[in-house]
Amino acid sequence: MVVADQPDWVPEGLDVTVPNAARVYDCALGGYHNFGVDREFKDLAEKAWPGISQLAYANRAFLGRVVQWLVESGIRQFLDIGSGIPTLGNVHEVAQEIAPESRVVYVDIDPVAVSHSRAILTGNPYADAIQGDLRRPEEILYHPQVLELLDFSQPVAVLMIAVLHFISDDADPPGIVTKIAEPLVSGSYLALSHGTQAGRMSGEQEEVRQLYNRTPTPFFVRSPEQLADALAGLDIVEPGIVAITDWHPDPEEAGEPRQPAALGVVARKP
Ligand SMILES: C[S@@+](CC[C@H](N)C(=O)[O-])C[C@H]1O[C@@H](n2cnc3c(N)ncnc32)[C@H](O)[C@@H]1O
């Protein structure tokens, strides 16, 4: 269903009556590209998992540290899949501040995320945004705009930050990761963060998960072992598959709560 009288940034035909991952996340980060259903869903999730907004901020901070680490390791090309609605600390901002020649292509399934990414990239010849579905990695890797900006004869870092947990087992996440890693040259990297759950979910959490599973972006938690399986054949860099807040922690964020509900990892193609 499409609702009348929407803000002018809403693409035509967008269904704003079901919560959507990009906009729930935008809401958790204090953004304003979201709708009532997204805010209601975020409030429900906050009740089931208190501190979910802090988790979203911690995930953004993890992304920033990963990009900085990759640039310092010599990477100048980024393919950011499931990039989300632009907010503070976008990949091109972090990378180009250190190395202005860094190239970035943002990819998201959500048209709002893509149109806002394009809008903020106007005038930036080294960054672009395309619509794409991680479940069809070839369409992303061989997309004309990706091939125009990124040189796959040189190392590329593929970022899948807080997105693989929206891919069901039926869609074969390890197979997707393998297809993405396949055309990358040695010295390329894959980085991801992913929701996890050590014990059983509470009744309230299970209810929220069921609710989310009726939206276009169902959510699947996975264990460190499952992530290690998905990254088989790649070299996992130190400190391994850890809570996002434990991955090269920033001493300035030492007072922030630890976030064991999200795992982070960076892996290098040998
Ligand atoms: C939680 S946000 C993460 C945004 C950003 N990567 C970050 O960590 O700050 C997840 C994003 O993944 C996108 N997404 C979900 N399923 C996707 C798919 N199959 N292909 C591409 N993007 C997808 C959503 O639209 C959303 O923007």
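Small disclaimer: the values here were computed from a predicted structure and weren't measured. Counting starts at 1 for both ligands and their atoms, following the listed order.
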Nearest 0.5 angstrom please: I81 CD1 to I109 CD1, how far? 11.5 Å
R222 bridged to D229 by N-O distance under 4.0 Å: no
With a 4.0 Å cut-off on N to O distance, would you call K179 and E182 a salt bridge? no
If the test is side chain to side chain contact (heavy atoms under 4.5 Å, CB included), which one of V114, V146, L79, D108 qualifies with I130? V146
Considering the options D172, I176, V177, which one meets the side chain to side chain contact (heavy atoms under 4.5 Å, CB included) requirement together with P174? D172
Check: E253 main-chain N/O paired with E256 side-chain donor or acceptor under 3.5 Å: no
List below, pair by pair, the N or O atoms of ligand 1 and of the protein that are less than 3.5 Å apart, including the distance to 0.1 Å; reply 'none' if no pair qualifies.
residue  : atom   : partner : partner atom : Å
ligand 1 : 6 (N)  : G82     : O            : 2.6
ligand 1 : 6 (N)  : I161    : O            : 2.8
ligand 1 : 8 (O)  : Y25     : OH           : 3.4
ligand 1 : 8 (O)  : N59     : ND2          : 2.8
ligand 1 : 8 (O)  : I161    : O            : 3.3
ligand 1 : 9 (O)  : Y25     : OH           : 2.6
ligand 1 : 9 (O)  : R60     : NH1          : 2.8
ligand 1 : 19 (N) : D133    : OD1          : 2.9
ligand 1 : 20 (N) : L134    : N            : 2.8
ligand 1 : 22 (N) : I109    : N            : 3.3
ligand 1 : 25 (O) : D108    : OD1          : 2.6
ligand 1 : 27 (O) : D108    : OD1          : 3.4
ligand 1 : 27 (O) : D108    : OD2          : 2.7

